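The next block holds one structure in the form of structure tokens; read it before the comments.
Computed from a predicted structure; not experimentally measured. One is the number of the first residue; the rest follow in order along the sequence.
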Amino acid sequence: MRIEKNISYLLSTSFMQFVPFVFLLFVIRILNKDTYGSYVLALSFAAIISSFFSLSVQLVFEKEFFAIEEKTKEFPLLISFSLIFIISNILGVFFTGSLSDKVYQMIFNESLPENIILLAYLTTVIANLKALIFLYIRNIQKHESYLFFTITDVLVCYVSMSVSVFFYRNIESLMISQVIANLLILLCFLLKYRLPIKTLELGLRMRQVLRSLPLLPRNIVSVLQGRLDSILIGRYVGVADTAVFAVGNKLGGTCFNYMNSLENAYVPQVLELMNKGPEESSRVRDIFNPYLFLSLFLCMLLGVFANEAIRTFFTNDYYQAIHLVKVISFYYALLFWGKTRQLLFSGKYSTISLITSIRAILGVVISLYAIKFYGFWGAVWGMIIAQFLVQPFFIYYSQKQYFIPWQWLRIIYLYLLLLTGLIGAYILEESGMNLFFALPLKLMICFIYLLAGKQIGFIKTLNLKKLSSNF
């Protein structure tokens, strides 16, 4: 059963990465860089507003789900948090609709199509509600349903968006098709899970959400750090550069999405072990080690072969994103340490928010200065520098709450191999070496990483079955 769940997660994730990638190739050939950049700007601003009104519902739901002992209360828990999420975001819709075009002109330094921000907000909110439902399906371990809904979601959404952008060639129709497709997926869920609800306990769930409000700054600044860069690039450099940054960030974020898929599999088991006490910390580490190894390997593959991927599939307007992907993939490799769940498990919401806020503020301050002089490269280096400065504090406080005996020398060794591999690929590409000679060298870089993983014991031929059984 665990191996079946493993396969369902990997299949759905691979499919969910492949289809958006094909759609991206399709849409950048129909919409010019300025139009696609406006689309990115609208979604970025909508995500920032949504972070204020979403009240950290998804994080609170996940924590409370594993605290429930009665299975009959799991579905009412989802409905309760969904209602709280919807009510809060209705206020967000009114707020977004009340903003005038002059406000958008001031923020973006140019006029966007009428009502595009409101459409982007609706798209973001419905997608977040859908993500909450997918989280529920994952947690109840219905791997067949999870596979069905994720694949159906990707097909319905991206087929409708492709048809819309092909016939209408504007971002308004693109977003309308997203809203309709997401609503159809929600309707499918309601038809499939018409379970009896004895009590919603809305009052209790609302109090839990209110107690978790210290997490709200963390969510807001996390979104700000991820989205504000696009807005600043659009304002100070140009909308076309926003499109290049978005493509680089989307490709670089592919490894992070796969990391999230791996997380979907191991988090339930990790939380169960943490609940048993600190004596299980070595077992928790043994679960994390292969996922860390695989996560860094995915980042290496993406960064090392970014040149070949972009030159093969993208137009020359986006060749600037080649080296951008390398740096962003390393940045996402650093974000693995935000997935250890030690602070969230201990309920240290204020600590999470404080550290995340400091990281985001540092990133924004550095980016705000650097973007004016270095364009999207300033945004990327702002992210990296801020993460390096804050990472030690995050790990320190995480270890204080739930100590995990990490094998630090081996972990640092893996990160150095990743960094060396990315720099090596950069040197090969800048040297102008023929692909016939460069490709075997790049494959050798990846092979050395795999050998190192076996050497330090993070992955062995003998523990592949153990790795599968962890799901």
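Residues meeting the salt bridge (charged side-chain N to carboxylate O under 4.0 Å, His left out) test with Arg285, sequence neighbours left out: none. Under the ring pair (Phe, Tyr, Trp, His ring centres under 6.0 Å) criterion, Tyr374 pairs with no residue, sequence neighbours left out. Residues passing the salt bridge (charged side-chain N to carboxylate O under 4.0 Å, His left out) test with Glu429, sequence neighbours excluded: Lys326, Lys442. Among residues two or more places apart in sequence or in another chain, the side chain to side chain contact (heavy atoms under 4.5 Å, CB included) test is passed with Leu335 by Phe256, Tyr331, Tyr332, Arg359, Gln387. Take Tyr121 and apply the ring pair (Phe, Tyr, Trp, His ring centres under 6.0 Å) test, not counting sequence neighbours, and it matches no residue. Taking the side chain to side chain contact (heavy atoms under 4.5 Å, CB included) definition, one finds that Leu389 meets it with Leu362, Ile385, sequence neighbours left out. Considering only residues two or more places apart in sequence or on other chains, Phe85 meets the ring pair (Phe, Tyr, Trp, His ring centres under 6.0 Å) condition with none of them. Partners of Leu451 by side chain to side chain contact (heavy atoms under 4.5 Å, CB included), not counting sequence neighbours, listed by chain and number: Phe447. Remark: Tyr397 pairs with no residue by the ring pair (Phe, Tyr, Trp, His ring centres under 6.0 Å) rule, at least two apart or across chains. Contacts of Pro440 classified as side chain to side chain contact (heavy atoms under 4.5 Å, CB included), with partners at least two apart in sequence or in another chain: none.
Aromatic ring orientation, Tyr426 versus His323: perpendicular (interplanar angle above 60°, classes split at 30° and 60°).
Sorted by first then second residue, the salt bridge (charged side-chain N to carboxylate O under 4.0 Å, His left out) pairs that include residues 152-161, not counting sequence neighbours, are Lys130-Asp153.
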Distance-only check: which donor-acceptor pairs under 3.5 Å involve side-chain atoms of residues 408-415, not counting sequence neighbours?
residue, atom, partner, partner atom, Å
Arg410, NH1, Ile456, O, 2.8
Tyr415, OH, Ala333, O, 2.7
Tyr415, OH, Trp337, NE1, 3.0

